[in-house]
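The first residue of the sequence shown is numbered 1, and numbering continues consecutively from there.
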Amino acid sequence: MRFTLSSAALCSRLQTLAKVINSKNSLPILDSFLFEVRNGVLTITASDSENMMQSALELTESDGEGCFAVPNRTVLDAVKELPEQPLTFEVDTQNLTIRILYQNGLYNFTAQNADEYPRMQQLPENAATISIQATVLADNINRSLFATAQDELRPVMNGIYFDLTPDSLAIVASDGHKLVRNKNFSIKSETPAAFILPKKPATLLKNVLSKDTGDVIVKFDERNAEITFTDGCLTCRLIEGRYPNYNSVIPQNNPNQLTIDRRALIGAIRRVLPFASESSQLIRFHLEAGKLELSSEDIDFATSAREELPCEYNGQTMNIGFKGSSISEILNNMESDDINIELADPSRAGIIVPAEQPEDEDILMLIMPMLLND
């Protein structure tokens, strides 16, 4: 079998797929990529037994069909050093040998038998289906990943929750201290359905979909999901269990409203945070009409910092404490120039929303306050 393709296109796909492969695998064959040539198309598969990702590449020339497995390090090291040029693969599937011919030379190495490679499982016909624009899904995953937990006792908190209802699709992540809820009103279903996507496939999707402009089809049942995008497909095992009722923790009426420039607030937090206690990272927010004062101190090292920012504030004068690194993460994962912070009192959760919501979307982030020692 012989086929030719672009070295840059192959290298780009292999680098994306290599992120699926674990450093230590239960099956030795999972250290390899599966190459399948059919009808002038090369399909490359990578798997870690729980997640499997496929990507398809059009071939410049193709003579013969077949499949073989290639050790991931060998082929990646071989192609990533080459400038853009045609690569010709000559594969003997009987003797499992590969020759890669390029402009000034060639590589010889051994293939592995493709029969041992696990195959993609098909989902049942009655699986629930969501269609969502690739850029929207990538943005929602990007916005939510930082809020997922690393909790061995409650594994459901370690993923991103997709909640499809008759009103909207909500994409939610929370670690108990902060929460992100993205609602998309253009996607809904009369039959409610939900699943929890683990962190690894979510990260893989974020990287792949950021360059995609098409639609993504998500099919899922209780245990597995199959996500099809322009250049390929990802199947993954889902986190099983019930996600907590996230709507019950979101306060509905926080009367004190603060509107402020997001980047100015990020800058001020960055300046006062180094002077806060390293263990608590507590930053005090003092709010009064037209002014927000941020302050931090570390009694053990006799350090403190204070900075004032102009803002629009309608509400009572208040002191409330937040963990500096958590509120920084939330602000850095929003895109709008101005944000609204909605507060009730120093013991209740604060809501942060963009001053202007994207079309057909509702983005909300929540942060739990910290106790102030007044």
Report summary line: So the ring-ring contact (aromatic ring centres under 6.0 Å, His included) pairs with at least one residue in residues 316-367 (sequence neighbours excluded) are Phe285-Phe322
Report summary line: Here the ring-ring contact (aromatic ring centres under 6.0 Å, His included) pairs for residues 43-71, sequence neighbours left out, are Phe35-Phe68
Using 0.5 Å steps for rounding, measure from the [atom1] atom of [X] to the [atom2] atom of [Y].
| X | Y | atom1 | atom2 | answer |
| --- | --- | --- | --- | --- |
| Asp300 | Ser277 | CG | OG | 6.5 Å |
| Asp163 | Lys183 | CG | NZ | 9.0 Å |
| Glu240 | Glu222 | CD | CD | 8.5 Å |
| Leu169 | Ile130 | CG | CD1 | 5.0 Å |
| Thr4 | Glu90 | OG1 | CD | 9.0 Å |
| Glu226 | Ile217 | CD | CD1 | 10.5 Å |

Which residues satisfy the side-chain contact (heavy atoms from CB on, under 4.5 Å) test with [X], sequence neighbours excluded?
| X | value |
| --- | --- |
| Glu84 | Ser6, Ser7, Ala8 |
| Glu65 | Arg38, Asn39 |
| Gln54 | Glu36, Thr43, Thr45, Met120 |
| Lys19 | Leu204, Asn207 |

Query raised in the report: Looking just at side-chain N and O atoms, do Ser347 and Asp345 make a donor-acceptor pair shorter than 3.5 Å?
Result: yes
Query - Full working for salt bridge (charged side-chain N to carboxylate O under 4.0 Å, His left out) between Arg181 and Asp362 - result: CA-CA 8 Å; Arg181 185 193 69 190; Asp362 177 56; 3.0 Å; yes
Query raised in the report: In the hydrophobic clustering (ILVMFWY, side-chain contacts below 4.5 Å, transitive), which residues join Leu366, or is it alone?
Result: Val156, Met157, Tyr161, Val172, Leu179, Ile196, Ile239, Tyr243, Tyr246, Val249, Ile250, Ile351, Val353, Leu364, Met368
Query raised in the report: Applying the side-chain contact (heavy atoms from CB on, under 4.5 Å) test to Leu258, which of Leu287, Ile339, Leu265 qualifies?
Result: Leu287
Heavy-atom count around [X] [atom1] within 6.0 Å, excluding the residue itself: above 12?
| X | atom1 | value |
| --- | --- | --- |
| Arg242 | CZ | no |
| Glu307 | CD | yes |
| Lys219 | NZ | no |
| Gln257 | CD | yes |

If every non-hydrogen atom of [X] is compared with every non-hydrogen atom of [Y], which pair is closest and at what distance?
| X | Y | result |
| --- | --- | --- |
| Lys200 | Asn22 | NZ-OD1, 2.8 Å |
| Asn340 | Ala355 | ND2-CA, 3.9 Å |
| Ser304 | Glu297 | CB-CB, 3.8 Å |
| Asp31 | Ile21 | CA-CG2, 4.3 Å |
| Cys233 | Thr228 | SG-OG1, 4.0 Å |
| Glu361 | Gln357 | O-CB, 3.6 Å |

Requested in this report: Report the C-alpha distance between Asn224 and Thr235 in whole Å, list the side-chain angles of each, state the deciding distance to 0.1 Å, and finish with yes or no for side-chain hydrogen bond (donor to acceptor under 3.5 Å, both in side chains).
Outcome: CA-CA 7 Å; Asn224 298 295; Thr235 60; over 6 Å; no
**Report entry** Results of salt bridge (charged side-chain N to carboxylate O under 4.0 Å, His left out) for Glu335 - residues two or more places apart only
**Finding:** Arg143
List the atom pairs, with distances to 0.1 Å, where a side-chain N or O of residues 289-296 and a protein N or O form a donor-acceptor pair under 3.5 Å, not counting sequence neighbours.
| unit_1 | atom_1 | unit_2 | atom_2 | d |
| --- | --- | --- | --- | --- |
| Glu293 | OE1 | Arg306 | NH1 | 3.3 |
| Ser296 | OG | Val272 | O | 2.6 |

Query - Results of side chain to side chain donor-acceptor pair (under 3.5 Å) for Thr148 - residues two or more places apart only - result: Lys199
Query raised in the report: Mind checking what makes side chain to side chain donor-acceptor pair (under 3.5 Å) contact with Asn245, not counting sequence neighbours?
Result: none
Distance-only criterion, 3.5 Å: show the donor-acceptor pairs between side-chain atoms of residues 101-113 and protein atoms not counting sequence neighbours.
| unit_1 | atom_1 | unit_2 | atom_2 | d |
| --- | --- | --- | --- | --- |
| Tyr107 | OH | Ala78 | O | 2.9 |
| Gln112 | OE1 | Ser32 | OG | 2.5 |
| Asn113 | OD1 | Asp115 | N | 2.9 |

Query raised in the report: Hey, are the side chains of Ser62 and Val37 touching, using non-hydrogen atoms and a 4.5 Å cut-off?
Result: yes
